[in-house]
Student: 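If you scroll down you'll find the structure; I have some questions about it.
To find a chain, count down the sequence lines: A is the first, B the second, and so on, and within it residues start at 1.
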Amino acid sequence: MAQKTLYNKVWDAHSVAILPTGQTQLFIGLHLVHEVTSPQAFDMLRERGLAVAHPERTFATMDHIVPTTTRGRPFADGQAEEMMRAIERNAREFKINLFDFPSGRQGVVHIIGPELGLTQPGMTIACGDSHTSTHGAFGTLAFGIGTSQVRDVLATQCLAMDALKVRRVQVDGDLRPGVTPKDVALFIINRLGVKGGIGYAYEYAGTTFERMSMEGRMTVCNMSIEGGARAGYVNPDATTFAYLKGREYAPQGPAWDRAVAAWRAVASEPDATYDDVVRFDAADIAPMVTWGVTPAQSVAVGSPLPDPAATPDAGERGSMETAYRYMKLKPGQSLADLRIDVAFIGSCTNGRIEDLRAAASVARGRRVSPGVKAFVVPGSMRVKAQAEEEGLKEVFLAAGFEWREAGCSMCLAMNPDQLVGDQVSASSSNRNFIGRQGSPTGRTLLMSPAMVAAAAVTGRVTDVRTLA
Amino acid sequence: MSKVTSVRGRAVPVRGDDIDTDRIIPARYLKEITFSRMGDYPFYDERFTPDGAPKAHPFNDPRFAGAEVLLGNVNFGCGSSREHAPQALARWGHPAHPGIKAVVAESFAEIFAGNCVMLGVPAATASKADVAALQALAERAPETVFTLDLESLTMSGGGLTVAVAVPESRRRALLEGSWDSTGSLLANRAKVEALAAGLPYLNGFR
Ligand code: SF4
């Protein structure tokens with residue numbers, strides 16, 4: 001069992017009791033809520049006559065279903081409008097905080113938590129969304145949960161949880177030019193597999209993460225779940241504190257110094273022990289592109305696609321064969337030069353300001369290839385405002401990208417942003433599952449925002465390092 | 001809340017590793033604000049073409065209509081945390097069919113397995129060879145009635161008995177009928193408030 005890790009410290013500090021089943025009753029310090037997985041939970045509270053135990057620790061927003069072409073209400077889609085009304089009504093009735101359009105703070109739930117300073121080291125965080133692991137970038141234990149568990153957290157501010165093991169995923173060295181945190185995440189998932197993390201929390205450590213920005217750390221922690229790990233975290237350090245300082249919900253005045261002392265103390269000890277340790281060298285990581293229908297089915301851009309026949313495991317071989325059929329690709333071929341139809345920059349993985357800057361630096365002075373639909377969806381209203389202040393909007397518009405309102409958009413295509421038929425999308429999001437981007441035959445290639453921009457301007461999968 | 005000690009029923013194999021919850025229920029059906037109609041949609045895009053014509057899928061195969069145990073492979077239910085996925089399985093075919101009451105697979109994504117238990121649906125794992133044997137038997141003889149027994153941790157039917165595993169806390173929750181955790185969490189309210197009163201970040205870091 002892991003000892004003296006951040007995981008142990010935060011878990012112990014939030015353990016309320018051992019339940020009769022043997023599970024731990026874990027106090028949840030911050031509960032984030034979005035419109036899709038919560039309405040049934042609020043209905044369950046009503047049916048049972050329960051209140052929200054800690055409305056002041058509960059923050060809601062809308063991200064999954066919102067259209068990104070307009071903020072006008074009512075929405076054209078009646079179901080989406082009904083869902084909006086449900087979360088507005090539930091927030092009002094249960095007196096929880098709501099970051100809606102008029103607040104100027106709406107956005108993808110995993111983007112606004114950090115940017116508002118709600119997400120702080122040492123917290124336990126839950127949200128009815130698997131990418132809650134994002135918040136681990138701040139040294140939190142953050143779990144994605146189902147709707148019945150949303151009900152539990154609303155009613156009790158607690159979850160019934162089984163302890164996880166801790167794997168230290170250590171990456172050392174500087175990333176090579178053109179290699180981004182997204183590539184680090186895809187590389188780790190490729191090496192450890194989509195189920196490699198089942199039963200684990202991942203502690204990302206080593207000099208690569210120590211030198212990484214908070215936004216980069218969020219990208220990596222975000223994709224922990226794609227590797228099967230329910231939670232992933234980075235120990236808090238000076239980079240973390242610098243990011244948080246001055247944010248709306250961050251401690252102010254004398255409380256700030258006390259907070260920093262408390263945050264430092266939750267980091268894993270130098271002599272901590274782990275259930276497992278894996279090590280990688282940053283120099284081995286190249287820009288990555290997925291070719292299949294799981295986030296582990298990826299290659300370094302330009303490398304030949306793998307041969308299922310060389311895969312000993314029958315199940316994995318079957319998965320690969322399914323992927324090749326669905327993606328209409330062949331073993332041995334290279335993705336470089338594969339034509340794309342759509343370029344999507346956004347999502348909780350890569351919809352933050354640094355991501356937009358990286359994409360804009362590729363788009364600057366270039367034009368979206370004819371026939372490609374390229375669009376940028378900032379992760380939040382704040383990200384959008386900042387990008388506009390920095391002139392990124394003009395860069396994108398001049399290059400022929402569309403500039404949209406904040407939301408999840410084509411990451412999961414619950415709004416009108418969807419692939420059509422078997423279109424190929426270069427996407428900065430996190431899932432290339434069958435049908436994920438709104439068409440049952442649509443094909444998604446995951447890559448970094450800079451790589452998406454490169455694909456947009458060339459019309460093909462392109463190694464961003466070759467664009468001078 | 002009812003105790004779940006065993007599940008008896010016919011089985012439907014859904015073969016393949018890494019079957020994610022987007023495949024179990026496409027995102028567009030998540031626009032409904034209740035779970036009541038989820039039973040109409042499991043595996044929708046795998047079962048129907050865009051024009052609504054049925055495709056070959058075990059959930060469309062009349063031999064498996066009314067099956068109550070789903071037999072999956074590796075990493076079943078990965079991806080999105082949407083509880084709509086186990087809800088869709090548990091409500092599949094209502095009212096004509098009982099819905100899926102248990103899932104047996106080689107391995108599960110954690111959030112999915114946890115969501116199943118919150119609905120009183122056991123998610124049990126078995127070895128690769130045993131799952132293969134169960135799937136083969138269910139395909140060869142779909143009328144076979146299986147029993148998933150949580151006391152003896154076995155899955156048996158048609159002369160075949162294999163060992164299964166369920167994490168002990170979840171097994172106890174099902175056996176004791178405490179799988180809906182809200183009640184047991186509420187019981188410790190005083191302890192919860194005491195813990196909250198001592199958490200630095202809830203108290204200005206004093
Ligand atoms: S951006 Fe995508 S992954 Fe993130 S919360 Fe929205 S739908 Fe989920």
Student: Counting only non-hydrogen atoms closer than 4.5 Å, does Arg436(A) touch chain B with its backbone (N, CA, C, O), its side chain (CB onward), both, or neither?
Tutor: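 Both the backbone and the side chain of Arg436(A) come within 4.5 Å of chain B.
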Student: Looking only at side chains, do Ser148(A) and Glu83(B) share a donor and an acceptor under 3.5 Å apart?
Tutor: yes
Student: Counting only heavy atoms closer than 4.5 Å, note whether Leu159(A) contacts chain B via side chain, backbone, both or neither.
Tutor: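 It is the backbone, since no side chain atom gets that close.
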Student: For each of Ala27(B), Ser184(B), Pro50(B), Gly79(B), tally heavy-atom pairs with chain A at distances under 4.5 Å, and name the one with the top tally.
Tutor: Gly79(B)
Student: Checking Ser15(A) against chain B: side chain, backbone, both or neither under 4.5 Å from a heavy atom?
Tutor: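 Only the backbone of Ser15(A) comes within 4.5 Å of chain B.
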Student: Heavy-atom distance under 4.5 Å to chain A: side chain of Asn115(B), backbone, both or neither?
Tutor: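 Only the side chain of Asn115(B) comes within 4.5 Å of chain A.
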Student: In terms of heavy-atom proximity below 4.5 Å to chain B, should Thr24(A) be classed as side chain, backbone, both, or neither?
Tutor: neither
Student: Verify whether one side chain among Thr294(A) and Asp18(B) offers a donor that lies under 3.5 Å from an acceptor in the other.
Tutor: no
Student: I need the minimum non-hydrogen distance between Ser181(B) and Ala160(A), along with the two atoms involved.
Tutor: CB-CB, 4.1 Å
Student: Under 4.5 Å, counting heavy-atom pairs only, tell me which of Gln252(A), Arg48(A), His131(A) racks up the most with chain B.
Tutor: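 Max contact count across the listed options: Arg48(A).
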Student: Using heavy-atom distances under 4.5 Å, tell me whether Tyr201(B) contacts chain A through its side chain, its backbone, both, or neither.
Tutor: side chain
Student: Could you tell me which portion of Ala413(A) (side chain, backbone, both or neither) has an atom closer than 4.5 angstrom to a non-hydrogen atom of chain B?
Tutor: neither
Student: Would you call Asp43(A)-Arg151(A) a salt bridge at under 4.0 Å N-O?
Tutor: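 The answer is no: the pair does not qualify as a salt bridge.
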Student: Select one option (side chain, backbone, both, neither) describing which atoms of Ile33(B) are under 4.5 Å from chain A's heavy atoms.
Tutor: both
Student: Do Gln157(A) and Arg57(A) pair up side chain to side chain, a donor and an acceptor below 3.5 Å, judged on atom types alone?
Tutor: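 Distance-only check fails for Gln157(A) and Arg57(A).
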Student: For Leu30(B), which atoms come within 4.5 Å of any heavy atom of chain A: side chain, backbone, both, or neither?
Tutor: both
Student: Less than 4.5 Å to any heavy atom of chain B: does that hold for the side chain of Gln149(A), its backbone, both, or neither?
Tutor: both
Student: Non-hydrogen atoms of chain B under 4.5 Å away: do they reach the side chain of Ile65(A), the backbone, both or neither?
Tutor: side chain
Student: Of the backbone (N, CA, C, O) and the side chain (C-beta and beyond), which part of Met44(A) lies under 4.5 Å from a heavy atom of chain B, both, or neither?
Tutor: side chain
Student: Tell me, side chain or backbone of Leu412(A) under 4.5 Å from chain B's heavy atoms, or both, or neither?
Tutor: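 Interface part for Leu412(A): both.
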Student: So for Val192(B), is it side chain, backbone, both, or neither that comes closer than 4.5 Å to the heavy atoms of chain A?
Tutor: both
Student: Parallel, tilted or perpendicular: which fits the ring planes of His64(A) and His34(A), with parallel below 30° and perpendicular above 60°?
Tutor: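 Aromatic pair His64(A)/His34(A) classed parallel.
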Student: Please classify the contact between Asn430(A) and chain B as side chain, backbone, both or neither, with a heavy-atom cut-off of under 4.5 Å.
Tutor: neither
Student: Can you tell which part of Glu32(B) gets under 4.5 Å to a heavy atom of chain A, answering side chain, backbone, both or neither?
Tutor: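 Contact with chain A involves both backbone and side-chain atoms of Glu32(B).
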Student: Can you tell me if Thr444(A) and Gln437(A) form a side-chain donor-acceptor pair at under 3.5 Å?
Tutor: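 The criterion, which ignores hydrogens and geometry beyond distance, is satisfied for Gln437(A) and Thr444(A).
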Student: Please confirm whether the backbone N or O of Ser80(B) pairs with a side-chain atom of Asp20(B), one donor and one acceptor, at under 3.5 Å?
Tutor: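 Absent.
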Student: Count the heavy-atom pairs under 4.5 Å between each of Met83(A), Gln120(A), Gln23(A) and chain B, then report the option with the highest count.
Tutor: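 The residue among Met83(A), Gln120(A), Gln23(A) with the greatest pair count is Met83(A).
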Student: What part of His54(A) lies closer than 4.5 angstrom to a heavy atom of chain B: side chain, backbone, both or neither?
Tutor: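 Contact with chain B involves the side chain of His54(A) alone.
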Student: Is the shortest heavy-atom distance from the side chain of Leu202(B) to the side chain of Phe27(A) under 4.5 Å?
Tutor: yes
Student: Counting only heavy atoms closer than 4.5 Å, note whether Asn90(A) contacts chain B via side chain, backbone, both or neither.
Tutor: neither
Student: What part of Trp256(A) gets within 4.5 angstrom of chain B, counting heavy atoms only: side chain, backbone, both, or neither?
Tutor: neither
Student: Would a 4.5 Å heavy-atom cut-off, applied to side chains only, mark Thr132(A) and Val109(A) as touching?
Tutor: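 No, side chains not in contact.
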Student: Within the 3.5 Å criterion, strictly below it, is a donor on Asn73(B) or Asp17(B) matched to an acceptor on the partner's side chain?
Tutor: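 Side chains of Asn73(B) and Asp17(B): no pair found under 3.5 Å.
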Student: Whether the Asp417(A) and Ser409(A) side chains hold a donor-acceptor pair (N or O, under 3.5 Å, no angle test) is what I'd like checked.
Tutor: yes
Student: Any donor and acceptor pair, going by atom type alone, linking the side chain of Asn75(B) with main-chain N or O of Cys78(B) inside 3.5 Å?
Tutor: no
Student: Determine whether the aromatic ring centres of residues Trp263(A) and Phe205(B) are separated by less than 6.0 angstrom.
Tutor: yes
Student: Does any non-hydrogen side-chain atom of Met320(A) lie less than 4.5 Å from one of Gln297(A)?
Tutor: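 A side-chain contact exists here, since the closest heavy-atom pair is under 4.5 Å.
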Student: Can you check side-chain contact (heavy atoms from CB on, under 4.5 Å) on Lys31(B) and Glu82(A), steps first, answer last?
Tutor: CA-CA 9 Å; Lys31(B) 286 204 260 180; Glu82(A) 190 185 3; over 6 Å; no
Student: May I ask you to name which of Thr37(A), Leu50(A), Asp162(A) has the most heavy-atom pairs under 4.5 Å with chain B?
Tutor: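 If we count pairs closer than 4.5 Å to chain B, Asp162(A) comes out on top.
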Student: Quick check on the interface: out of Pro295(A), Gly199(A), Ala80(A), who has the most heavy-atom pairs with chain B under 4.5 Å?
Tutor: Gly199(A)
Student: Can any side-chain N or O of Glu68(B) pair as donor or acceptor with the backbone N or O of Ala102(B) at less than 3.5 Å?
Tutor: no
Student: Is there a side-chain contact between Ile19(B) and Phe76(B) (heavy atoms, below 4.5 Å)?
Tutor: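 Counting from C-beta outward, Ile19(B) and Phe76(B) do come under 4.5 Å.
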Student: Below 4.5 Å from any heavy atom of chain A, which atoms of Ser107(B) appear? Answer side chain, backbone, both or neither.
Tutor: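 The side chain, not the backbone.
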Student: With chain A, which of Leu119(B), Asp45(B), Ile111(B) has the greatest number of heavy-atom pairs at distances under 4.5 Å?
Tutor: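 Result: the option with the highest number of such pairs is Ile111(B).
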Student: Considering only heavy atoms, which portion of Leu175(B) lies under 4.5 Å from any heavy atom of chain A: side chain, backbone, both, or neither?
Tutor: neither
Student: Tell me, out of Glu226(A), Glu316(A), His14(A), who's got the most heavy-atom pairs with chain B below 4.5 Å.
Tutor: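 Sorted descending by pairs with chain B, the first entry is His14(A).
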Student: Taking side chain as everything from C-beta outward and backbone as N, CA, C, O, which of these in Phe112(B) sits under 4.5 Å from a heavy atom of chain A? Side chain, backbone, both or neither.
Tutor: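 Contact with chain A: none, neither part.
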Student: Of the backbone (N, CA, C, O) and the side chain (C-beta and beyond), which part of Arg170(B) lies under 4.5 Å from a heavy atom of chain A, both, or neither?
Tutor: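 Answer is side chain: those atoms of Arg170(B) sit under 4.5 Å from chain A.
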Student: Measure distances from Leu164(A) to the heavy atoms of chain B and classify the residue's part below 4.5 Å as side chain, backbone, both or neither.
Tutor: side chain
Student: What part of Leu195(B) lies closer than 4.5 angstrom to a heavy atom of chain A: side chain, backbone, both or neither?
Tutor: side chain
